[in-house]
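Below, read A as the first sequence line, B as the second, and so on, with proteins coming before strands; counting in each chain starts at 1. Heavy-atom basis, side chains included; hydrogens, waters and symmetry copies ignored.
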Amino acid sequence: MKFGIVVSEGPYTHQAADTAYHFAKAALDKGHEVPRVFFYHDGVNVATNLSIPPQDERHIQKNWTELAKANDIDMVVCIAAAQRRGILDENEAKRQGKDASNLAEGFRISGLGQLIEMGIECDRTVTFGD
Amino acid sequence: MKFGIVVSEGPYTHQAADTAYHFAKAALDKGHEVPRVFFYHDGVNVATNLSIPPQDERHIQKNWTELAKANDIDMVVCIAAAQRRGILDENEAKRQGKDASNLAEGFRISGLGQLIEMGIECDRTVTFGD
Amino acid sequence: MPEAKKFLYVNRKAPYGTIYALESLEVVLIGAAFEQDVSLAFLDDGVFQLTRDQNTDEIGVKNFSPTFRALGDYEVTKLFVEKESLEERGLAPSDLQEIMYEDEDDDWEEKPSIHIVSRSEMADIMADQDVVLSF
Amino acid sequence: MPEAKKFLYVNRKAPYGTIYALESLEVVLIGAAFEQDVSLAFLDDGVFQLTRDQNTDEIGVKNFSPTFRALGDYEVTKLFVEKESLEERGLAPSDLQEIMYEDEDDDWEEKPSIHIVSRSEMADIMADQDVVLSF
Amino acid sequence: MSTLHTVNKSPFGDSAFNSCLEHCKPGDGILLIEDAVYGAVAGSAVAAKVEARAGDVGIYVLDGDAKARGLAAGKLIKQVKPVGYDGFVDLVAEHDRTQSWL
Amino acid sequence: MSTLHTVNKSPFGDSAFNSCLEHCKPGDGILLIEDAVYGAVAGSAVAAKVEARAGDVGIYVLDGDAKARGLAAGKLIKQVKPVGYDGFVDLVAEHDRTQSWL
């Protein structure tokens, strides 16, 4: 079965990004597909590559990047939500005249249409938020 | 009177950073002092200089930077909370081997002791969060 | 082309205190281009999103409530509002904005997009969907 | 040196679902160095922070509940827990961790840091502070 | 000695306002801000509890937040006093401490 | 045709679980995750409402979240079934849609 996943809250502050991660992993372990994860609202903050959690805590962004790499998950960060909150890829940073970007490997920035498309193409859509 | 202000939620997602801003402005307009604002929890995300809100929306980070500049407010971002969430100044970025930093002008990163000190030295401490 | 899916956008939060209501509306507007069978549910504090006379001048946040009145132009015409949620909050249907659309199947007659439904009807609507997105 | 201020840390949220409980504890630990008159209040869902037998292995989040038992070493010895909040949640005082400190003014006798108080006593404690920080 | 309590979440979705009402003391003030302004609406399921407390506790609503949510003064419980951000500042100064019910 | 409902907030602080209980239908499932696992504790102020619904609705709790919060199986309402993340996946697959009560 194809599972689409929405992550609506930022890392560490809410457990949503962790629960979504464990759910995605379990779905893949059971032979299901997770073609896409869509990061919306504060969920876009999961995609920063500047996070440095304490050494004895999990690294939420890295966990996602590795899971996506190993399983070919399309991790999409909503562009409108990301711009408000300061998550930019290199192109966007250049276009906006910012001298830094912070989008982590494995994530891409795109529009909300990707969320609707996920809902259409997946058998199930599950939202993790607050 | 001296007002210390705590901001505990990130910009745009919660109204807390807006309400705190209007409160600080009103306090200053009435002749009170706001020696320090402490950004904790997701509040640290107010300090990113990569935020690009739509043109018809307020720019929360810039509002704070300007208010602080005009009124000599010490805006402190908690280092532990900031590192988890990916808010870094240049020094910290260098030290951690990150090739980008995103701390906006007018904010400085420091420890939780600054919060306690604010509580001790101010006549009133007001928290804005969720 | 496969048949359209039934999408329900569930709105349970008040506007302005958090951004969920606004960012939900942004999804609805973009989603309209996909020609799915779209409904919006307003229950619990979500009913506050549709109230009249919102004026955000003093709080410096954008007033997005007029956008609801434009939903008809995007062919989003099914807005279900829960009666019990209104009542618990001291609201009457007349406290809500008028949101109309022109029915192309009925000689472009103007019709209301808001339907007040009971809690039990809301449960039926929720149980009749393919995709439920919550805000 | 001016007199110590009375600081109250108010904990109303459950652990793990959100980070507030953990980041509150981080403030308490750092704040201990400032030698103020510190109290912690646990009410509403905050009482869940102190329960026994927390095991976070499966959710991959750090279990910070043992840290409460170290508070005595930081001379943080006044933890007020609201009785009504416990009861509404089906909890008895015995469901909470034992948190002890050694009283230096009483020949280092071991004493409990947790004090179960009524809602009305909690209101009195809140009303007797200089600085109230909420998490 | 008195406390200004601030509440910022809707009383219909969250228990903070209720908890605040049960912990405040005579002479205290409660200021409803952000989504908590809905707690000041007349005729709602929580209005009776607010009215019952309004005798010995000052209940205020942040005017800008009320207007943003379409709540003209006529829709509010009679005993609730609207204040601006400047009034918020005065309330903080007049009370000995501020407690946020987050 | 049935729905899996997920709830992630404590029923003592937030109304989401209550609203879910009032909108779910016979044959549906409710999975309590994150802070909502407290809704599965026996003897609490919400337990009776949960027990009343457990006849026609399957009520599940995410085991890892329950253990994190010190809730061994013995502390839970009898009709509540603990599941792991793999059981969560099965529940999503078995029901026709998932609705998150955020």
*Does any N or O in the side chain of B:Ser51 come within less than 3.5 Å of the main-chain N or O of A:Arg84, such that one atom is a donor and the other an acceptor?*
yes

*For A:Asp99, is it the side chain, the backbone, both, or neither that has a heavy atom closer than 4.5 Å to a heavy atom of chain B?*
neither

*asked:* For a 4.5 angstrom cut-off between non-hydrogen side-chain atoms, does A:Asp42 reach B:Asn45?
replied: no

_Under 4.5 Å from any heavy atom of chain B, what part of A:Glu92 do you find: side chain, backbone, both or neither?_
neither

_Segment of B:Gln61 engaging chain A (4.5 angstrom heavy-atom cut-off)_ = neither

_Other residues, nucleotides and ligands only: do more than 12 of their heavy atoms fall within 6.0 Å of CD on B:Glu90?_
no

*Around A:Glu57, counting heavy atoms of other residues, nucleotides and ligands shown, do more than 12 lie under 6.0 Å from its CD?*
yes

_Shortest non-hydrogen separation from A:Ser101 to B:Ala100 and the atoms involved_ = O-CB, 3.6 Å

_I want to check something: taking the side chain as every heavy atom from C-beta on, are A:Thr13 and B:Arg85 in contact at a cut-off of under 4.5 Å?_
yes

*Mind running side-chain contact (heavy atoms from CB on, under 4.5 Å) on B:Thr48 and A:Thr48 for me, showing each step along the way?*
CA-CA 11 Å; B:Thr48 178; A:Thr48 177; over 6 Å; no

*Report, as yes or no, whether the 6.0 Å neighbourhood of atom NZ on B:Lys30 holds more than 12 heavy atoms from other residues, nucleotides or ligands.*
yes

_Please find the pair of heavy atoms, one from A:Leu88 and one from B:Leu50, that lie closest to each other, and give the distance._
CD1-O, 3.7 Å

